[in-house]
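Structure record follows, encoded as structure tokens.
Below, read A as the first sequence line, B as the second, and so on, with proteins coming before strands; counting in each chain starts at 1. It should be emphasised that the depicted structure is a prediction, and the values quoted were computed from it without experimental measurement.
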Amino acid sequence: MNAPVDILHPNIEMDARLGIIDCDIHPFPRPGALATYLPERWRNHLAEYGQMTCGFYAGRGNYPRFQPYLSRRDSLPPDGGPPGSNVDFIREQLLHPYNIIYGVLEPLLGGNNSRNLDEAAALCAAMNEWQVAEYTDPEPRLRASILVSLDDPDAAVREIERRAGDWRFCQVQVGGKTTEPIGRRRYWPIFEAVLKHGLSIGMHSGGTQAYAPSPGGFAQFYVEDHQLGTHSVQSQVTSLILEGVFDVFPDLKIVMIEGGFGWVPQLGWRMDAHWTKMRSEVPTLKRRPSEYLKTNLWYATQPVEEPERPDDLRQTFEWIGWDRMVYSSDYPHWDFDDPHQAWRFQMTAEEKCKLLHDNALAVYSFR
Amino acid sequence: MEHWLDKEPRLRASIVVPPQSPTMAVEEIERLAGDGRFVQVLLPAACELMLGRSYYWPIYEAAVKHALPVGIHAGSMYRYAPTSTGWPSHYLQDYVSNNQLFEGQLLSLVSNGVFAKFPDLKFVFIESGVSWLPHFMWRAIKTWRGVRAEVPWVKQSPAKIIRANIRVTTQPFDAPDETVVGRIVEEIDCDDMFLFSSDYPHWQFEGDAITPPGLSSSLLTKMRNDNPLATYPRLRETV
């Protein structure tokens, strides 16, 4: 995971054929960078109290993450800043060698997780301005996400209204874990605003830590916690479908990010199997649960599961549908997936084109 | 004993133990282990701590001592929300998410080194679903490869540990047809893992279609006879 990527010898033959769209790039602020975009009232507040999340006060996670900044060792920029903080270095290390034509910024800074709703709104607004000023303006291939606080739908809708017309934003980003399962009605005004502006939602694994990462409690090690993250993604998909969100908003498009995708077929089978026996509990559901997996949801591939028999992954792609998968690298994090090496089975040129390029165009607003 | 074992010799019992107190759980195992009609130790799938934690290891030590597997059955003490993102509106959602609980416990057991400490211990996952196992193993392999230095006692691929130490009952299987069932069995790549179960008398009971469709006759024989006898050695004493 820490082998340096050979950025001097990009795969030119591949580049000539295919520009890649990367749906998960993590920008990270230089120390103090966000303060520029915050009103004085919130600069002072945060300096005094820190961010009010469902966790430690000192701005760290529940687990030692095993890597500085969760990142590849070779992603530290030459200027000494944190990984993901230097646009020139992102260009040199990621966009150029892989011929990435669009990269979706997914800041994971917890602005949307604050328990203090005014603080959340101020942080989301600041992070939105920071993304476009420091990333999209100098490098238009990098497109920003509209960060919103799900716990305050009114403020979230206002923030969407404020940014929706700006071409530099390509989606609304929400955290993977929420205070209630995401399909519940308190969140519906946000879905309505997203649709009104022709946007899509990217739901990135992570989010508020209001509950234990497993119904059995808290994990002991990062190796567990990392995989448990896929469960919140699965629960949110289940919630969206069985609460009827896609019946009320049939055009809503949601990309599930950094949860992998191996679970998608099995979740569909399991929902269908038990819905068949309990459908009277959700009598208004219009279709079989698994059908919504193929019409309203897309899956960003990283971290790509690694079966012992590589062709098992092809079978998984075929069960899910080649039109549902979008490539994501997770740069600069340690579990980065290389677009040419993350899958060890053979794809046709057409399949690869869907995965690395076409499918993302069907979801995101690249303007 | 009084209501079941003495009246119907074909039935075998589980030693139900209190996970709230491993000390008392061990006492209960010692009290009943001499009776060969008790064939496993039974725990709910969600307790106060995750099941790999060393707090529970005295229970596992006692189980190994008496050649008993540990069964964990769907069910929870509800110390935590049924999903990591809160409380869903429907029983259907709770039930659908239930396999996540087993997946979390499996990660906990492997990562905490339970099977490094007790290599002969078998866990039986009861009513856990089956078709989640392939993708679970693929992701566990990947993450372990990346950060295995954190858990140096996990010396081989999680998939190998799972095949050696985990057994899974076949109801519900969670697959739509025989093609998918066949593929999932192939991907799991370990016919020793499957144990037949009916879930009688619950309403999830599959009735006439009591085994997943499309299994070969040799696998059916294994899951109905050979595998249970290997998993529950005490059954061999009387069969």
Side-chain angles (χ1 to χ4, degrees), chain A residues 1 66 176-184 207 210-224 226-228 230-232 234-236 238-239 242-243 260 262-263 265-267 269-275 277-278 281-282 303-309 312-313 315-316 334-335, chain B residues 45-53 76 79-93 95-97 99-101 103-105 107-108 111-112 129 131-132 134-148 150-151 154 159 172 174-176 180 183 187 189 203-204:
Chain A
M1 67 192 173
F66 220 68
K177 293 188 197 172
T178 44
T179 307
E180 290 180 20
I182 187 76
R184 286 169 65 91
Y211 304 95
S214 162
F218 290 85
Q220 173 100 322
F221 299 107
Y222 178 54
V223 69
E224 301 167 69
H226 193 263
Q227 186 166 351
L228 289 176
T230 66
H231 291 164
S232 60
Q234 295 170 48
S235 297
Q236 298 290 42
T238 307
S239 174
L242 295 180
E243 299 282 352
W263 48 270
Q266 177 262 336
L267 181 64
W269 303 327
R270 187 164 169 95
M271 280 194 293
D272 285 356
H274 301 288
W275 169 78
K277 298 171 188 172
M278 297 181 227
E281 198 192 12
V282 287
V304 175
E305 285 85 354
E306 292 183 7
E308 293 150 311
R309 307 183 311 173
D312 286 346
L313 206 60
Q315 175 66 70
T316 300
W334 69 267
D335 42 352
Chain B
C47 304
E48 284 164 321
L49 296 173
M50 299 205 69
L51 288 171
R53 303 293 290 269
S76 173
R79 295 293 193 266
Y80 309 97
T83 81
S84 59
T85 187
W87 297 80
S89 313
H90 305 112
Y91 177 71
L92 175 55
Q93 291 184 55
Y95 194 87
V96 165
S97 69
N99 60 292
Q100 297 175 10
L101 175 51
E103 293 181 38
Q105 298 295 17
L107 282 170
S108 178
S111 305
N112 281 272
S131 56
W132 54 269
H135 73 76
F136 173 89
M137 292 199 284
W138 304 344
R139 174 64 188 269
I141 292 168
K142 174 158 181 155
T143 312
W144 169 75
R145 276 185 187 140
V147 295
R148 62 186 182 275
E150 185 192 31
V151 285
V154 184
D174 298 329
V180 174
R183 182 73 188 211
E187 290 178 353
D189 194 21
W203 55 266
Q204 289 99 339

Close side-chain approach of Gln315(A) to Glu187(B), heavy-atom, < 4.5 Å: yes
Residue, of Ile141(B), Asn112(B), Leu101(B), that accumulates the most heavy atom pairs under 4.5 Å with chain A: Asn112(B)
Minimum heavy-atom distance between Ala46(B) and Gly216(A), given as atom pair plus value: CB-CA, 4.0 Å
Taking every non-hydrogen atom, the tightest pair across Phe221(A) and Ser111(B): CE1-O, 3.6 Å
Value rounded to 0.5 Å, distance of CH2 in Trp275(A) from CD in Gln93(B): 15.0 Å
Stepwise side-chain contact (heavy atoms from CB on, under 4.5 Å) check, Phe136(B) with Trp263(A): CA-CA 8 Å; Phe136(B) 173 89; Trp263(A) 48 270; over 6 Å; no
Closest approach of Tyr211(A) to Ala81(B) (non-hydrogen atoms, all atoms of both residues): CD2-CB, 3.7 Å
Met278(A) and Tyr91(B), any side-chain heavy atoms less than 4.5 Å apart: yes
Closest contact, heavy atoms only, Ser131(B) versus Gln266(A): OG-CG, 3.3 Å
Side-chain donor/acceptor of Glu150(B) to backbone N/O of Tyr222(A), under 3.5 Å: yes
Within-4.5 Å side-chain heavy-atom neighbours: Thr316(A) and Trp138(B): yes
Proximal component of Glu224(A), with respect to chain B [non-hydrogen, under 4.5 Å]: both
From CA spacing to verdict: side-chain contact (heavy atoms from CB on, under 4.5 Å), Met50(B), Gln220(A): CA-CA 8 Å; Met50(B) 299 205 69; Gln220(A) 173 100 322; over 6 Å; no
Under 3.5 Å: donor-acceptor pair, side chain of Arg270(A), backbone of Asp174(B): no
For Ser235(A), side-chain hydrogen bond (donor to acceptor under 3.5 Å, both in side chains) partners two or more places apart: Gln100(B)
Where Gln227(A) and Ala140(B) come nearest, the two heavy atoms and their spacing: OE1-CA, 3.2 Å
Any Glu305(A) side-chain heavy atom under 4.5 Å of Lys142(B) side chain: no
Largest heavy-atom contact set with chain A, pairs under 4.5 Å, which of Leu51(B), Thr83(B), Leu49(B), Asn99(B): Asn99(B)
Gap between atom CD of Glu103(B) and atom OG of Ser214(A) - 0.5 Å precision: 9.5 Å
Residue part contacting chain A, namely of Ala45(B), when any heavy atom lies under 4.5 Å: neither
Any Pro172(B) side-chain heavy atom under 4.5 Å of His274(A) side chain: yes
Structural part of Leu92(B) lying under 4.5 Å from a heavy atom of chain A: both
Min side-chain heavy-atom separation Val147(B)-His226(A) under 4.5 Å: no
Flag for Thr85(B)-Ser232(A): side-chain donor and acceptor within less than 3.5 Å: no
Contact winner vs chain B - Val282(A), Asp312(A), Thr230(A), Thr238(A), heavy-atom pairs under 4.5 Å: Asp312(A)
Top of Pro265(A), Ala273(A), Ala212(A) for chain B proximity - count of heavy-atom pairs under 4.5 angstrom: Ala212(A)
Contact check, side chains of Glu306(A) and Arg139(B), non-hydrogen atoms, under 4.5 Å: no
Shortest non-hydrogen contact from Val223(A) toward Thr143(B): O-CG2, 3.8 Å
Contacts of type side-chain hydrogen bond (donor to acceptor under 3.5 Å, both in side chains), residue Ser89(B), not counting sequence neighbours: Arg184(A), Glu243(A)
Among the listed options Cys47(B), Gly104(B), Ser97(B), Pro176(B), the residue most often paired with chain A at heavy-atom distances under 4.5 Å: Pro176(B)
Interface moiety of Asp189(B) toward chain A, non-hydrogen atoms closer than 4.5 Å: neither
Part of Ile182(A) within contact of chain B (heavy atom distance under 4.5 Å): neither
Closest-packed option against chain B by number of heavy-atom pairs under 4.5 Å, given Gly262(A), Pro181(A), Gly183(A): Pro181(A)
Part of Met137(B) lying under 4.5 Å from any heavy atom of chain A: neither
